[in-house]
Amino acid sequence: MSSLAGKVALISGSSAGLGAAIAQELFARGASVVINYPFPSEKANANKLLERLGDSKRAIAVEADLSTRDGPQALVDEAVKVFSKIDILVNSAGINRPIFLDDPNDSTVEKTWHDIVNLNGRGVFFLTRAVLKHLSRENSRIINIGSSASRTPSPQSSIYAGTKSMVEVYTQCWATELPRKYGCTVNAVAPGPVATDAFLAAPSFVREALQPLIDATPVAPRLGRPEEIAWTVATLAEERAGWINGAFIPVNGGSAIF
Ligand code: NAD
């Protein structure tokens, strides 16, 4: 399939997890992809993905920590240096660290707030802002990875779910603000629990708390698969999806129906 041939896709946080699956699906549909990883310790994962893709002309990996002040611009500068433009931005980089509001350790709470908000909230905003200057003015796409958590929050998720609400509302604002000016659509894809390495490595209480929800999922009692989220994102990236704008698309087997 080469329905996205000639397109350039930048996928934040794509050395692992959903971002990596999304990069693979967009690449398989013909797009050139900019893979992003945050730290030197993630470089090996990014390189493994590059090897799997196996076409050095259509894929690069760029180190940029998107929670920092300069990370978003540095990522965009490198992407544009190599590919000259961006057609598809997927804001996938995000972290989750469960914590109670009344956790007694002030410094842990402050660090958790700082880390999650700076990546999931600030990073998405400033990466999108940096991309706009280079976004193709026709049939371009901004696709934000939200989460069911913004609509069905659970204990210990106030910071994470709060940032995913930000992502949801950014999507709605940008879907009204950007399309005529930038030729884009803006949508959010909101997974339920997905079997990424990060999810499977989460503390057991996280999985245990979600187990009843997983067991009761109408389509099947299982976690989502990264490729199911990737398919949805890539389908939104297709030119034929150009009339979908401002949507919040749950991909969760019906575990939460909004
Ligand atoms: P993951 O931890 O498996 O992958 C996250 C990726 O982001 C990795 O490549 C990591 O290197 C990168 N990253 C981490 N910090 C970064 C930073 N500061 N700058 C740039 N990149 C950074 O996570 P995942 O489960 O694949 O989650 C991806 C997105 O999907 C997140 O936004 C997450 O909130 C969302 N999501 C995940 C699930 C799930 O169950 N896995 C459910 C709903 C939503």
Side-chain angles (χ1 to χ4, degrees), residues 10-24 33-50 61-76 78 90-98 114-124 126-127 130 143-154 157 159-168 170-171 188-202 206-207 209-211 213-214 217 222-230 232-233 248-253 255-256:
L10 187 161
I11 308 98
S12 73
S14 43
S15 54
L18 296 184
I22 292 165
Q24 284 191 87
V33 293
V34 179
I35 293 158
N36 159 238
Y37 63 98
F39 320 116
S41 58
E42 265 299 302
K43 188 173 181 173
N45 277 336
N47 284 342
K48 267 189 231 152
L49 177 54
L50 280 179
V62 181
E63 183 178 316
D65 178 350
L66 300 177
S67 68
T68 61
R69 188 177 170 277
D70 298 331
Q73 189 63 54
L75 173 58
V76 172
E78 192 57 30
V90 183
N91 279 307
S92 183
I95 51 170
N96 183 9
R97 283 194 217 132
H114 177 275
D115 291 351
I116 298 180
V117 173
N118 274 351
L119 181 61
N120 300 13
R122 187 187 185 285
V124 171
F126 283 97
L127 180 62
I143 302 164
N144 297 325
I145 305 301
S147 168
S148 289
S150 65
R151 305 259 180 121
T152 53
S154 49
S157 73
I159 303 178
Y160 175 72
T163 59
K164 289 299 176 182
S165 284
M166 278 175 97
V167 168
E168 192 180 336
Y170 289 165
T171 305
V189 169
V194 183
T196 58
D197 290 343
F199 182 86
L200 298 173
V206 173
R207 182 78 185 264
L210 285 168
Q211 201 57 50
L213 177 91
I214 295 165
T217 300
R222 65 166 174 83
L223 292 165
R225 301 181 181 117
E227 58 270 24
E228 292 169 329
I229 315 305
T232 309
V233 170
F248 176 87
I249 302 179
V251 188
N252 60 16
S255 57

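Just so it is clear, the values below take in all heavy atoms, side chains as well, and ignore hydrogens, waters and symmetry mates. Ligands are counted one by one from 1 in listed order, and the atoms in each one are counted from 1 as well.
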Legend entry - Side-chain (Ser15) to main-chain (Asn45) donor-acceptor, under 3.5 angstrom: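 Not a single qualifying donor-acceptor pair exists.
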
Q) For Gln24, which residues count as a side-chain contact (heavy atoms from CB on, under 4.5 Å) partner, sequence neighbours excluded? A)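 Only Leu49, Arg52, Leu53 meet the side-chain contact (heavy atoms from CB on, under 4.5 Å) criterion with Gln24.
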
- prompt: Who passes side-chain contact (heavy atoms from CB on, under 4.5 Å) against Ala61, sequence neighbours left out?
  reply: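 Ala61 satisfies side-chain contact (heavy atoms from CB on, under 4.5 Å) with Ile35, Tyr37, Ala46, Leu50 once adjacent residues are dropped.
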
Any chance you could lay out the side-chain contact (heavy atoms from CB on, under 4.5 Å) test for Asn252 and Thr217, step after step, and finish with the verdict? CA-CA 8 Å; Asn252 60 16; Thr217 300; over 6 Å; no

* **Short side-chain donor-acceptor distance under 3.5 Å, Ser67 and Asp65** =>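 Yes, because at least one side-chain N or O of Asp65 sits under 3.5 Å from a partner of the opposite role on Ser67.
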
- Query: For Asp115, what residues pass the salt bridge (Lys or Arg N to Asp or Glu O under 4.0 Å) criterion, not counting sequence neighbours?
  - Reply: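 Asp115 satisfies salt bridge (Lys or Arg N to Asp or Glu O under 4.0 Å) with Arg97, Lys111 only.
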
Any protein N/O atoms within less than 3.5 Å of an N/O atom in ligand 1? List the atom names and distances, or say none.
from, atom 1, to, atom 2, distance (Å)
ligand 1, 9 (O), Ser15, N, 3.3
ligand 1, 9 (O), Ser15, OG, 2.9
ligand 1, 9 (O), Ala16, N, 3.1
ligand 1, 11 (O), Ser15, OG, 3.3
ligand 1, 18 (N), Asp65, OD1, 2.8
ligand 1, 19 (N), Leu66, N, 3.0
ligand 1, 25 (O), Thr196, OG1, 3.0
ligand 1, 26 (O), Leu18, N, 2.7
ligand 1, 32 (O), Ser92, O, 2.8
ligand 1, 32 (O), Lys164, NZ, 2.8
ligand 1, 34 (O), Tyr160, OH, 2.6
ligand 1, 34 (O), Lys164, NZ, 3.2
ligand 1, 40 (O), Val194, N, 2.7
ligand 1, 40 (O), Val194, O, 3.4
ligand 1, 41 (N), Thr196, OG1, 3.2

